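What you see is a predicted model, and the numbers here were worked out from it, not measured in a lab. Lettering of chains follows the sequences in order, A, B, ..., and the numbering in each one begins at 1.
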There are 2 protein chains.
Amino acid sequence: MDSNQIPDIVVERLPLYLQTLQRLLKEGQETTSSKDLGNRIGISAAQIRKDLSHFGGFGKQGTGYSIKYLIEKLEDILNVNQVWDIALVGVGFLGHAIANFDGFQNHGFKIAYIFDNDPGKIGTKIGNHEILDSKKMKEIIKKNKIRVVMITVDAEHAQDVANHAVEAGVDAILNYAPVKLMVPESVQVQNIDPILKLQHMTYYLR
Amino acid sequence: MDSNQIPDIVVERLPLYLQTLQRLLKEGQETTSSKDLGNRIGISAAQIRKDLSHFGGFGKQGTGYSIKYLIEKLEDILNVNQVWDIALVGVGFLGHAIANFDGFQNHGFKIAYIFDNDPGKIGTKIGNHEILDSKKMKEIIKKNKIRVVMITVDAEHAQDVANHAVEAGVDAILNYAPVKLMVPESVQVQNIDPILKLQHMTYYLR
DNA sequence: TAGATTGTTAATCGATTAACAATC
DNA sequence: TAGATTGTTAATCGATTAACAATC
């Protein structure tokens, strides 16, 4: 166990470990080793052991790790042994796709509120969610203590939405707009931008 | 100029530099400095200069970088001074959203072919693209020398699609399915998975 | 017991930062 | 000229890997 600050690059790998372990469990496997897990993920066994050792000793010499137990531990560490209500802001094609995505539920998340500022959309439904007026976002986030927001509005409005969300008390933002959001240091931001990923790959295409 | 292998972590940052420079150009700015750019992106000026120095000297002492010139150079380096035709496979909500996204065009990409295996979808249209039968994917990719594929099918079918794409000659895959794809070393893979990003953030939420 | 695999320490490797001469 | 900023070298920092005693 290490009570110092955990490097963020280690934290970043934990969800990947969790995902892989969950797949193995589903496939009926009961134990794994750092070697096995590393092979599947494409990283070294040493790195997996080192990463996990920041949080404790979860394995047994000779036999490796109980998948079920390690999943539990990782869920605890990542705080996904609970369900986080998410507010989704922006109902374009992308927001619509995310609102209809059913993969969040089993992994610690739930789209709980959906906002848009288009009068033509407000009041209509996606699944069983009514689209709410963005004007009410701040109030509703505050009242329901929502801490996680997904932003799927266009680049021009993303910073505005982020500002309102932060004022309402949100402290994690998953941003799909192609802009760097300016937020207080205490607020987590992660970006998803397919263009950056594509351009990263085309570098290698000659 | 450095003729050795460029670290991938450097390559990964270049699209972000390009994106930021394009925004600055749009805002009417004509020159920038490593300090200015660093401030906007949230990294050090030294790192930007070091990164760029792998590819050549693009700036002028005292005045910094011509934004227009640096954009040109980065587009050359990233091979996005051309338009890459992309094949999109899987027309669920997400595939639909991507097919309708108009942000690719100006950044080096174009959705050129869309595939699905659902007879109810084949032959219907998204915008002016007809949805084609996945059975024809391999042939069409080969014939049209498509090198980039986006996979938006579910986790169970993603590896299958990847296999066919690779057999057809594709060498870059943007994968939205929550699985690690097994492909030859020569094939680039990038993953987009919102759950991993969300769990990365919830680690920090106490 | 013999084989396998952990958790941890030390060694290696690589990335970032600081500093500065060169020069616009 | 004086101020600003580059490109590059050396110093620092941090992450990954190798190795191994402990032990299931």
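- Rounded to an integer number of Å, the gap from A:Phe55 CZ to C:dT8 P is 13 Å.
- The A:Lys50 side chain lies nearest to D:dT16 when the options are C:dA15, C:dT6, D:dT16.
- Taking CG of B:Leu70 as the reference point, atom OG1 of B:Thr31 lies at 11.5 Å (rounded to 0.5 Å).
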**OP:** In sequence, state the C-alpha distance, the side-chain angles, and the governing distance for A:Lys68 and A:Glu30, and then conclude on salt bridge (Lys or Arg N to Asp or Glu O under 4.0 Å).
**Re:** CA-CA 7 Å; A:Lys68 212 176 142 207; A:Glu30 293 190 352; over 6 Å; no
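- By the 4.5 Å heavy-atom criterion applied to side chains, A:Gln47 and A:Arg13 are counted as neighbours.
- Set against D:dT6, C:dT5, D:dG7, the side chain of B:Gln61 has D:dT6 as its closest nucleotide.
- C:dA15 atom P lies 11 Å from atom CD of B:Gln5, rounded to whole Å.
- Of the listed nucleotides (D:dA18, D:dA15, C:dT16), D:dA18 has the atom at the smallest distance from the side chain of A:Ala46.
- One finds no salt bridge joining A:Lys143 and A:Glu139 here, because no Lys/Arg side-chain nitrogen approaches an Asp/Glu carboxylate oxygen to under 4.0 Å.
- Closest approach to the A:Lys60 side chain among D:dA18, D:dC24, C:dT16 is made by D:dC24 (side chain taken as heavy atoms from C-beta onward).
- Looking at the side chain of B:Ser53, the nearest of the listed nucleotides C:dT16, C:dT8, D:dG7 is D:dG7.
- Ring-plane geometry between B:His96 and A:Phe93 is classed as tilted, the angle between the planes lying from 30 to 60 degrees on a 0 to 90 degree scale.
- Within residues 63-79 of chain A, no residue has any heavy atom closer than 4.0 Å to DNA chain D.
- Remark: the backbone N or O of B:Gln29 is not paired with any side-chain donor or acceptor of B:Glu27 at under 3.5 angstrom.
- Of the charged side-chain nitrogens involved, none lies within less than 4.0 Å of a carboxylate oxygen, so that B:Asp193 and B:Lys197 do not count as a salt-bridged pair.
- Between the CG atom of B:Leu52 and the C1' atom of C:dT17 there is a distance of 16 Å, given to the nearest Å.
- More than 12 heavy atoms of other residues, nucleotides or ligands sit less than 6.0 Å from atom NE2 of B:His129.
- Remark: A:Ser34 is in phosphate contact with C:dT6, judged by side-chain N or O atoms under 4.0 Å from OP1 or OP2.
- A donor-acceptor pair under 3.5 Å is absent between the side-chain atoms of A:Trp84 and the main chain of B:Leu198, judged by distance alone.
- Computed from coordinates, the B:Asp36 CG to D:dT5 P distance equals 9 Å when rounded to whole Å.
- The side chain of A:Ser33 sits closest to C:dT5 out of D:dC24, C:dA15, C:dT5.
- One finds no side-chain N or O of B:Arg49 lying less than 4.0 angstrom from the OP1 or OP2 phosphate oxygen of D:dA4.
- As a whole-Å value, the separation of B:Asp51 CG from C:dT17 P is 10 Å.
- With rounding to whole Å, A:Phe58 atom CZ is found 15 Å from C:dT8 atom C1'.
- When the nearest nucleotides of DNA chain D are assigned to A:Gly62 and A:Ile9 by heavy-atom distance, the more 5′-ward of the two goes with A:Ile9.
- Nucleic acid contact for B:Lys35: none, since no nucleic acid atom lies under 4.0 Å from a heavy atom of the residue.
- Atom-to-atom, CD1 of A:Ile6 to C1' of D:dT16 comes out at 16 Å; the value is rounded to the nearest Å.
- C:dG14 atom P lies 12 Å from atom NE2 of B:His54, rounded to whole Å.
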Original post:
For A:Asn144 and A:Tyr113, what are the C-alpha separation, side-chain angles and deciding distance, and is it a side-chain hydrogen bond (donor to acceptor under 3.5 Å, both in side chains)?
Top reply: CA-CA 10 Å; A:Asn144 296 283; A:Tyr113 301 95; 3.1 Å; yes
Subject >> Pair assignment for DNA chain D - dot-bracket with | for other-strand partners, Watson-Crick or G-U under 3.5 Å >> reply: ..||||||||||||||||||||||
